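Okay, structure first, notes after.
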Amino acid sequence: MNNFEIRAPKWSYVLFVVMLCLGIALIIAGVALQLAKVNETIFALAIMGAFFAILSLLGIYAYKKESFILEGGVYTYNKVFKKSQSAHVHEISHIEVTVGSGMFMNVEFYGKDGSKLINFLDDGTAFKDGIFEKSLEAYNIPLNFNY
């Protein structure tokens with residue numbers, strides 16, 4: 001009932017792949033020009049390419065790893081660098097969303113005993129198409145926004 005999987009938009013994955021290709025091209029160009037002894041300072045291209053490649057690989061990893069899932073009555077948030085957090089719908093008393101002045105909001109799932117079960121920062125992706133809110137309505141879980 002109301003199963004979903006929310007991920008980063010597909011365009012972000014495409015952007016990171018393009019940046020990775022650009023980074024690799026810059027590495028190859030920098031190394032080739034350095035070996036050809038065109039200019040001693042041209043090796044900076046390879047360093048800049050390595051920066052783009054590393055940043056892109058991190059982005060691709062984050063795209064593949066991070067997700068917010070509801071499956072079989074269990075909400076799961078797979079974090080990029082930390083342990084995943086899960087909570088069964090029957091354990092959840094309510095959800096608090098704290099909207100700050102920046103572009104991120106803090107989403108916290110609370111258990112019936114008052115403990116935090118799941119928490120993550122969201123840029124609005126979890127709320128953009130309404131499936132998360134519909135699942136909360138289906139399971140009668142209150143959602144509170146704090147501004």
Side-chain angles (χ1 to χ4, degrees), residues 1-89 91-111 114-136 139 141 143-147:
M1 173 182 191
N2 296 323
N3 291 343
F4 64 77
E5 180 175 10
I6 299 173
R7 295 186 160 277
K10 184 77 168 174
W11 63 261
S12 64
Y13 177 73
V14 172
L15 175 68
F16 287 125
V17 169
V18 169
M19 282 178 51
L20 178 62
C21 293
L22 175 66
I24 291 171
L26 287 173
I27 291 170
I28 292 169
V31 170
L33 292 172
Q34 182 70 23
L35 291 174
K37 303 210 186 278
V38 171
N39 188 340
E40 294 299 319
T41 60
I42 206 73
F43 194 65
L45 276 178
I47 294 171
M48 190 169 63
F51 173 76
F52 276 117
I54 291 169
L55 187 64
S56 300
L57 288 172
L58 282 172
I60 291 169
Y61 174 75
Y63 177 82
K64 295 286 187 183
K65 177 93 166 95
E66 186 177 36
S67 63
F68 181 46
I69 301 167
L70 171 61
E71 187 173 12
V74 178
Y75 287 98
T76 303
Y77 186 75
N78 296 309
K79 296 187 175 202
V80 178
F81 296 112
K82 294 181 181 178
K83 186 178 176 185
S84 297
Q85 297 174 322
S86 295
H88 196 277
V89 294
E91 299 173 327
I92 302 168
S93 70
H94 69 284
I95 297 172
E96 296 280 334
V97 178
T98 305
V99 180
S101 59
M103 66 182 267
F104 292 101
M105 55 186 123
N106 192 27
V107 180
E108 297 172 323
F109 288 60
Y110 286 93
S115 64
K116 262 189 223 178
L117 302 172
I118 300 175
N119 68 303
F120 59 92
L121 289 177
D122 184 53
D123 62 356
T125 303
F127 297 92
K128 74 176 179 184
D129 55 10
I131 60 173
F132 174 45
E133 291 97 325
K134 287 177 189 170
S135 73
L136 295 175
Y139 289 112
I141 300 173
L143 176 63
N144 305 319
F145 283 91
N146 303 314
Y147 296 95

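These numbers were taken from a predicted model, which means no experiment stands behind them.
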About how many Å separate [atom2] of [Y] and [atom1] of [X], when rounded to the nearest 0.5 Å?
| X | Y | atom1 | atom2 | value |
| --- | --- | --- | --- | --- |
| Ile69 | Phe4 | CD1 | CZ | 9.0 Å |
| His94 | Glu108 | NE2 | CD | 8.5 Å |
| Tyr110 | Lys116 | OH | NZ | 4.5 Å |
| Ile60 | Leu55 | CD1 | CG | 10.0 Å |
| Lys79 | Leu121 | NZ | CG | 8.0 Å |
| Phe109 | Leu117 | CZ | CG | 9.0 Å |

Check [X] against [Y] and note the closest heavy-atom contact, atom names and distance.
| X | Y | result |
| --- | --- | --- |
| Asn119 | Gln85 | N-OE1, 2.9 Å |
| Gly49 | Ile27 | C-CG1, 3.6 Å |
| Ile141 | Ile92 | CG2-CG2, 3.7 Å |
| Ser84 | Asn78 | OG-OD1, 2.8 Å |
| Ala126 | Phe68 | CB-CD2, 4.2 Å |
| Leu45 | Gly30 | CB-CA, 3.9 Å |

Carefully, step by step, assess Tyr75 and Leu136 under the rule side chain to side chain contact (heavy atoms under 4.5 Å, CB included). CA-CA 10 Å; Tyr75 287 98; Leu136 295 175; 3.4 Å; yes
Determine whether Phe16 and Tyr61 satisfy the following criterion, side chain to side chain contact (heavy atoms under 4.5 Å, CB included), listing intermediate values before the conclusion. CA-CA 10 Å; Phe16 287 125; Tyr61 174 75; over 6 Å; no
Where the side chain of Ser93 meets the backbone of Gly111, is there a donor-acceptor pair that is under 3.5 Å apart?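 Such a contact is found between Ser93 side chain and Gly111 backbone.
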Side chain Ser56, main chain Phe52, donor-acceptor under 3.5 Å: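 Present.
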Identify, with sequence neighbours excluded, every residue that meets side chain to side chain contact (heavy atoms under 4.5 Å, CB included) alongside Phe145.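 Phe145 satisfies side chain to side chain contact (heavy atoms under 4.5 Å, CB included) with Val97, Val99, Phe127, Leu143, Tyr147 only.
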Lys65 to Phe81, cation-pi by 6.0 Å centre distance and 45° axis angle: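 Here Lys65 fails the 6.0 Å and 45° test against Phe81.
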Contact between Phe120 and Phe104 at the side-chain level, heavy atoms closer than 4.5 Å - yes or no?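 No; the side chains remain at least 4.5 Å from each other.
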Can you sort out the partners of Glu5 under salt bridge (charged side-chain N to carboxylate O under 4.0 Å, His left out), two or more places apart, ordered by chain and number?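 Salt bridge (charged side-chain N to carboxylate O under 4.0 Å, His left out) check on Glu5 returns Arg7.
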Listed partners of Thr98 passing side-chain hydrogen bond (donor to acceptor under 3.5 Å, both in side chains), at least two apart: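 With neighbours one apart ignored, the set is empty.
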Verify the distance criterion only: is there a donor paired with an acceptor across the side chains of Asn144 and Glu96 at less than 3.5 Å?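 There is such a pair (donor and acceptor under 3.5 Å, judged by atom type) between the side chains of Asn144 and Glu96.
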More than 12 non-hydrogen atoms from neighbouring residues, nucleotides or ligands closer than 6.0 Å to CD on Glu133, yes or no?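 Check passes, neighbour count above 12.
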The test is side chain to side chain contact (heavy atoms under 4.5 Å, CB included); show your working for Phe132 and Asp122 and say whether it passes. CA-CA 13 Å; Phe132 174 45; Asp122 184 53; over 6 Å; no
